[in-house]
Protein chains: 2
Amino acid sequence: MEDETFDDSSESSSVGAAQRVFHALSSAPRRKILAYLSASGLTAGEIADRFSMSKPAVSQHLSILETAGLIRREKQGQFVHYSLIENNLVNTLNGFVQEVCPVGRPIKKESQARARQKELP
Amino acid sequence: MEDETFDDSSESSSVGAAQRVFHALSSAPRRKILAYLSASGLTAGEIADRFSMSKPAVSQHLSILETAGLIRREKQGQFVHYSLIENNLVNTLNGFVQEVCPVGRPIKKESQARARQKELP
DNA sequence: AAGGTAATTAATTAATTGCTTAATTAATAG
DNA sequence: CTATTAATTAAGCAATTAATTAATTACCTT
């Protein structure tokens, strides 16, 4: 299995999947969009309404998130419905953490600790 | 507890901690540096030797990683020794996943699945 | 102190981002 | 068919990024 977390030089477009995901996540508006979509699917317009920037600007962010495989686009009549794709996000981040943090105690432990914290207010 | 995963508007410098981490991770060379440091601490020169770009360029990447709180810098004589700080990375990524992915099945499950895959080739 | 090595800072430049407004495409409603 | 609404594409621009080479700082050796 070839690792792809760091390499920027493979894949037809010369930009790896991991690179696209990390680039997509580097923008606060885009992370915000993902958070909105985690609650429910939304149309492009509904998403744009939650930002102060122009609609085309939001559309670009959506396109970057879609290219990264983090969200999906579904045309419904004259509306475009966007929704979250969780797998790619979790796989990419987890794959990276596995590479960078000593194997054996990856994000799992942290996740458990934080989950416990949420349960006990 | 204030969430800081998306907000880019708090903190003195107007750039949040999470933003710094995600920005730092958006660069393939910087992710590569983190991977190198996961194996062992290295001097600036040893890191630079592993790249084809100039030393000052690597130095800048190191500075970005340090500002993000992902690595630490320790001057030892005329050398500067860099090493990984895991906590900030894991906390930030995990915090983000918790926000974006439906609570209850965070990265933990994925982590376990992938760990299992690694065990059984 | 003189010279050498390690690393960073400074100055510069080319390329990329992140937005804007204007134009375009597509679907629906009157 | 015309007008309206949703969304994207296109064109343009200021600001940022990522790299380079040159200069500087700091430390060690003799």
Side-chain angles (χ1 to χ4, degrees), chain A residues 6-9 13-16 19-34 36-37 40-68 70-83, chain B residues 6-9 11 13-16 18-34 36-37 40-68 70-83:
Chain A
F6 313 108
D7 188 18
D8 204 359
S9 65
S13 59
S14 99
V15 175
Q19 174 60 28
R20 278 195 294 270
V21 170
F22 280 108
H23 170 252
L25 294 181
S26 72
S27 148
R30 289 195 286 268
R31 291 195 303 278
K32 213 168 182 174
I33 289 173
L34 293 178
Y36 285 136
L37 292 179
S40 75
L42 293 169
T43 67
E46 288 172 327
I47 295 168
D49 287 347
R50 288 160 165 78
F51 289 89
S52 55
M53 67 184 119
S54 72
K55 238 169 164 186
V58 173
S59 191
Q60 270 216 110
H61 286 302
L62 289 170
S63 153
I64 287 168
L65 288 168
E66 194 202 0
T67 299
L70 296 176
I71 64 177
R72 79 176 58 83
R73 203 191 115 91
E74 258 173 304
K75 187 144 199 186
Q76 290 180 4
Q78 69 188 316
F79 296 86
V80 174
H81 209 82
Y82 283 96
S83 57
Chain B
F6 312 109
D7 189 18
D8 203 359
S9 66
E11 201 144 339
S13 59
S14 101
V15 174
Q19 174 59 29
R20 277 194 294 271
V21 170
F22 279 108
H23 170 253
L25 294 181
S26 72
S27 147
R30 287 194 288 268
R31 290 196 302 279
K32 213 167 180 174
I33 289 172
L34 293 178
Y36 285 136
L37 291 179
S40 76
L42 294 169
T43 68
E46 288 171 327
I47 296 168
D49 286 346
R50 288 161 166 77
F51 289 89
S52 56
M53 69 184 119
S54 72
K55 238 170 164 192
V58 173
S59 190
Q60 270 229 95
H61 285 302
L62 289 170
S63 153
I64 287 168
L65 287 167
E66 194 202 0
T67 300
L70 295 176
I71 64 177
R72 79 176 58 83
R73 205 191 114 92
E74 256 173 306
K75 188 143 197 188
Q76 289 180 4
Q78 68 189 317
F79 296 86
V80 175
H81 209 82
Y82 284 96
S83 58

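Just so you know, these numbers come straight off a predicted model, no measurement behind them. We name chains A, B, ... by the order of the sequence lines, and we start the count at 1 in each one.
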Taking [atom1] from [X] and [atom2] from [N], how many angstroms apart are they, rounded to a whole number?
X: B:Ile64; N: C:dT9; atom1: CD1; atom2: P; value: 12 Å
X: A:Met53; N: C:dT20; atom1: CE; atom2: C1'; value: 12 Å
X: B:Glu66; N: C:dA7; atom1: CD; atom2: P; value: 14 Å
X: A:Gln76; N: C:dA26; atom1: CD; atom2: P; value: 18 Å
X: B:Asp49; N: C:dT5; atom1: CG; atom2: P; value: 14 Å

Using a cut-off of 4.0 Å between protein heavy atoms and nucleotide atoms, how would you tag nucleotides 1-12 of chain D 5' to 3' with B, S and -?
-> ----BSSBB---
Backbone N/O of A:Leu25 and side chain of A:Arg31: donor-acceptor pair under 3.5 Å =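 Checking the backbone N and O of A:Leu25 against the side chain of A:Arg31, a donor-acceptor pair under 3.5 Å is found.
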Just by modelled atom types, is the A:Thr43 backbone N or O under 3.5 Å from a matching donor or acceptor in the A:Glu46 side chain?
->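 Looks like yes, one N/O pair under 3.5 Å.
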Position toward the 5' end of DNA chain C (nearest nucleotide), A:Gly77 or A:His61 |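 It is A:His61, whose closest nucleotide lies nearer the 5' terminus.
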Side chain to side chain contact (heavy atoms under 4.5 Å, CB included) partners for B:Ser59, two or more places apart |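 Not a single residue meets the side chain to side chain contact (heavy atoms under 4.5 Å, CB included) criterion with B:Ser59.
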Would B:Arg50 count as a cation-pi partner of B:Tyr36, with NZ or CZ less than 6.0 Å from the six-membered ring centre and within 45° of the ring normal?
->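 That pair qualifies as a cation-pi contact.
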Atom NZ of A:Lys75 and atom NE2 of A:His81: how far apart are they, to the nearest 0.5 Å?
->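 Output value for this atom pair is 14.5 Å.
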Spacing of OG belonging to A:Ser27 relative to CG belonging to A:Leu65, to within rounding of 0.5 Å =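 A:Ser27 atom OG to A:Leu65 atom CG measures 7.5 Å (nearest 0.5 Å).
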Examine C:dT20: is either OP1 or OP2 under 4.0 Å from a nitrogen or oxygen in the side chain of A:Ser54? Give yes or no.
->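 The answer is yes; a side-chain N or O of A:Ser54 sits under 4.0 Å from OP1 or OP2.
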